[in-house]
> 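First the structure, then my questions, so here it is.
Below, each value reflects all heavy atoms present in this structure, side chains not excepted, and no hydrogens, waters or symmetry copies. Position 1 is the first residue of the sequence, and the numbers go up from there.
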Amino acid sequence: MDRDRPPGETVPPLLVACALGIERLALRGGERGGAPGPVRVVRTGMGPAHASRGVARALAREGWGGAAVIASGFCAGLAPGMHPGDLVVAEETRGPGGAIACDGADLLVKALARAVPGRTVHTGPLTGSDHVVRGPERAALAAGGAIAVDMESAATLRTARAAGPRPLAAVRVVVDAPEHELVRIGTVRGGISAFRVLRDVLPAFFEWHRSLLLPRR
C-alpha cells in the first residue's frame, strides 16, 4: 500500500502497452513487485488499429477503467546523433486525430536517469505512423519537429484519453536512427542494446506512477 494515501483508498493501476512479444518480454518485470499499485503489461499487436483495440479491451476489464497508461517499446529516432539504446520521453504524441499531451515528462526523465544511468534521454514530440518510416519520409517528420516515430503510441494514448481522464505517458527506446537504420550492418547489436535498456525502465515507470499519486500541496 502507498503510505502517502489515506488508509483504505484504492491506488489506481498502471497499464503499460506495447506492440511486440519481444517488447513484452523485456517489460515482463512490470507485473512483479515495486509498484505502488497493480501493474499490467499488455501486448496489443502492431499498428495503430491493434493498439487502439488492445488498450480499449484492457481498460474495459473490471478494476482497470481508471488506470494510468504508458505506451512503451521500441521506436525509430528522427534526430541526428541518436543511437540505438537512447531513450525517448514524449512531451506529446501526434497522430491523425491531433496531439495528446503527456503528463510528468520531467519526472520520467529524472527517474530514467536513475533507472538506466549513462543512457541519453531525448524529450519532444513523438509522432505516429501506420508503417515503417525510412529515408526521405523520416527527414520530413523530423523537419516537422518530431524527435521519434512509432506505430502505436499515438493511438494508445488517444484511445486511453477517450476512455476517461487519466495520467498518460509514452517512453520509447530507439532501435534505429538516421545514421543507424535497421537495414544496415549492426542491426542485431542495436536491437540487443535497445532490448537491454527497455528491460530496465520499469522502476522509472513505477516512480512516475507513484509521484503522480502523491497529494498536491
> The criterion is side-chain contact (heavy atoms from CB on, under 4.5 Å); which residues satisfy it with Ala76, sequence neighbours excluded?
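For Ala76 the side-chain contact (heavy atoms from CB on, under 4.5 Å) partners, ignoring immediate neighbours, are Arg138, Val149, Asp176.
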> Establish whether Leu126 and Met151 are linked, either directly or via other cluster members, by ILVMFWY side-chain heavy-atom contacts under 4.5 Å.
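No, because Leu126 and Met151 fall into different hydrophobic clusters, even though each may have its own neighbours under 4.5 Å.
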> Shortest non-hydrogen contact from Val197 to Gly85?
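In this case the closest contact between Val197 and Gly85 is CG2-O, 3.6 Å.
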> Taking Leu87's backbone N and O only, do any of them form a donor-acceptor pair with Arg119's side chain (distance below 3.5 Å, no angle check)?
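Between the backbone of Leu87 and the side chain of Arg119 there is no qualifying donor-acceptor contact (under 3.5 Å).
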> Which donor-acceptor pairs under 3.5 Å do the side chains of residues 93-102 make with protein atoms, sequence neighbours left out?
unit_1	atom_1	unit_2	atom_2	d
Arg94	NE	Glu92	OE2	2.8
Arg94	NH1	Gly144	O	3.0
Arg94	NH2	Glu92	OE2	3.4

> Is there a path of hydrophobic side-chain contacts, each under 4.5 Å between heavy atoms, that joins Val121 and Trp208?
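Linked, Val121 and Trp208 end up in one cluster.
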> Determine, step by step, whether Ile147 and Leu78 satisfy the side-chain contact (heavy atoms from CB on, under 4.5 Å) criterion, reporting the C-alpha distance in whole Å, the side-chain angles of both residues, the deciding distance to 0.1 Å, and the verdict.
CA-CA 5 Å; Ile147 63 168; Leu78 299 175; 5.6 Å; no
> Just by distance, do the side chain of Arg28 and the backbone of Leu25 share a donor-acceptor pair under 3.5 Å?
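Flag set: sc Arg28 to bb Leu25 pair under 3.5 Å.
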> Testing Val16, Val109, Leu112, Val88 for side-chain contact (heavy atoms from CB on, under 4.5 Å) with Val171, which one passes?
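For Val171, the side-chain contact (heavy atoms from CB on, under 4.5 Å) check succeeds only for Leu112.
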> Which residues satisfy the side-chain hydrogen bond (donor to acceptor under 3.5 Å, both in side chains) test with Glu91, sequence neighbours excluded?
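Glu91: no side-chain hydrogen bond (donor to acceptor under 3.5 Å, both in side chains) contacts found.
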> On a heavy-atom basis, which atom in Ser193 and which in Pro84 lie closest, and how many Å separate them?
OG-O, 3.6 Å
> Do any side-chain atoms of residues 45-59 form donor-acceptor pairs under 3.5 angstrom with protein atoms, and if so which ones, sequence neighbours left out?
unit_1	atom_1	unit_2	atom_2	d
His50	ND1	Met46	O	2.8
Ser52	OG	Pro48	O	3.2
Ser52	OG	Thr159	OG1	3.1

> Can you give me the closest heavy-atom contact between Pro36 and His209, atom names plus distance?
CG-ND1, 3.6 Å
> Not counting sequence neighbours, which residues clear side-chain hydrogen bond (donor to acceptor under 3.5 Å, both in side chains) with Thr156? List them please.
none
> Do Leu198 and Leu14 share a hydrophobic cluster (ILVMFWY, side-chain heavy atoms under 4.5 Å, transitive)?
yes
> Answer yes or no: is there a donor N or O on one side and an acceptor on the other, between the side chain of Ser72 and the main chain of Arg172, under 3.5 Å?
no
> Partners of Arg43 by side-chain contact (heavy atoms from CB on, under 4.5 Å), sequence neighbours excluded?
Arg24
> Is the backbone N or O of Phe74 less than 3.5 Å from a side-chain atom of Glu23, with the two atoms forming a donor-acceptor pair by type?
yes
> Side chains of Cys75 and Val174, heavy atoms from C-beta outward: is any pair under 4.5 Å?
yes
> Only pairs under 3.5 Å count here: list side-chain donor-acceptor contacts from residues 200-207, not counting sequence neighbours, and write none if there are none.
unit_1	atom_1	unit_2	atom_2	d
Glu207	OE2	Arg114	NE	3.4
Glu207	OE2	Arg114	NH2	2.3

